[in-house]
Amino acid sequence: MPTPSHRTVVHDSDHAVLRHVLVVGGTLAEWANRSDDAWLELIDDLGVLCSESAVRWLTLRPYESGVDDCGAPPHVERREIQVAGCQVIVDASADGRERFADAMARLDSSTEVNEAAVAAMLYEPADSEPDLVVILGPSTQLPPSLVWELAYAELTFINVAWADLHSDALAVAFDEFAVRRRRFGGLDDE
């Protein structure tokens, strides 16, 4: 693996602050095949970059389920690990529809159902929706693990296999985000 050359995202008044990043890549089967040491190395590598870039939350999610050797979707444990100033969330939920339904079921019956309440359930413990969604692979298809995230997040596609993901690849996505002017679905005034 190449030695990471960490960069930081420049924040200024013309560009949005990058607080929460969601990386979508690999299948649950690929995730299950990653050793615990390899997971910890990846989490540390990406978490350090995010911390240096003032990203408070990094969520990792599989692109899709995939199947194990027996033809069943493998089980991968959810993890939450603090790396310097960034909370890394390993969310093995590969079906965005199931995740949305689960979030709705967890809403307290006295809670008003609105965007903020649903987002809080979907992203906990993160305190915000993703600003940037980084999808590993070509831009020809969106992963089924995304549903809600497509409303306001910026999307970036990087052609990197899950097994080859490291901080240098993520830094490229951060650099691309840094020069964008976020419009949250709006049109340019120009």
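All figures in this text were calculated on a predicted structure; none of them were measured in a lab.
Not one N or O on the side chain of Asp131 forms a donor-acceptor pair closer than 3.5 Å with the backbone of Leu18. Between the Glu30 side chain and the Thr27 main chain, a donor and an acceptor come within less than 3.5 Å of each other. Trp31 places no side-chain N or O within 3.5 Å of a backbone atom of Ser65 that could act as its donor or acceptor partner.
When the side chain to side chain donor-acceptor pair (under 3.5 Å) test is applied to Thr59, the partners found at least two apart in sequence or on another chain are His20. Remark: Ser93 engages Asp91, Arg99 in a side chain to side chain contact (heavy atoms under 4.5 Å, CB included) (not counting sequence neighbours). Considering only residues two or more places apart in sequence or on other chains, Ser35 meets the side chain to side chain donor-acceptor pair (under 3.5 Å) condition with none of them. Legend: residues meeting side chain to side chain contact (heavy atoms under 4.5 Å, CB included) with Ala117, ordered by chain and number and at least two apart, are Leu107, Thr111, Asn114. By the salt bridge (charged side-chain N to carboxylate O under 4.0 Å, His left out) test, Glu124 pairs with Arg106, sequence neighbours left out. Taking Gln87 as the reference, Trp57, Glu80, Gln82, Ile89 meet the side chain to side chain contact (heavy atoms under 4.5 Å, CB included) condition, with sequence neighbours excluded. For Asp36, the salt bridge (charged side-chain N to carboxylate O under 4.0 Å, His left out) partners two or more places apart in sequence, or in a different chain, are Arg79. For Asp127, the salt bridge (charged side-chain N to carboxylate O under 4.0 Å, His left out) partners are Arg19, Arg56, not counting sequence neighbours. Partners of Glu98 under the salt bridge (charged side-chain N to carboxylate O under 4.0 Å, His left out) rule, at least two apart in sequence or in another chain, do not exist in this structure. Glu77 pairs by the side chain to side chain donor-acceptor pair (under 3.5 Å) definition with His75, not counting sequence neighbours. Residues satisfying the side chain to side chain donor-acceptor pair (under 3.5 Å) test with Arg34, not counting sequence neighbours, are none.
Here the shortest heavy-atom pairing between Leu42 and Leu165 reads CD1-O, 3.4 Å. When every heavy atom of Ala171 is checked against every heavy atom of Leu49, the shortest pair comes out as N-CD2, 3.6 Å.
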As a quick check of understanding, evaluate side chain to side chain contact (heavy atoms under 4.5 Å, CB included) for Cys50 and Leu170, giving each step before the final call.
CA-CA 9 Å; Cys50 288; Leu170 192 56; 4.2 Å; yes
With side chain to side chain contact (heavy atoms under 4.5 Å, CB included) as the test, would you mind laying out the steps for Val90 and Ile43 before giving the verdict?
CA-CA 9 Å; Val90 177; Ile43 290 168; 3.7 Å; yes
Before giving the answer on side chain to side chain contact (heavy atoms under 4.5 Å, CB included), spell out for Leu132 and Phe174 the whole-Å C-alpha distance, their side-chain angles and the decisive distance to 0.1 Å.
CA-CA 8 Å; Leu132 175 64; Phe174 286 10; 4.0 Å; yes
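Side-chain atoms of Val160 and His166, non-hydrogen and from C-beta on, never get closer than 4.5 Å to each other. Residues Leu46 and Leu60 have side chains in contact (heavy-atom distance under 4.5 Å, counting atoms from C-beta outward).
With values rounded to the nearest 0.5 angstrom, Tyr63 atom OH is found 7.0 Å from Leu142 atom CG.
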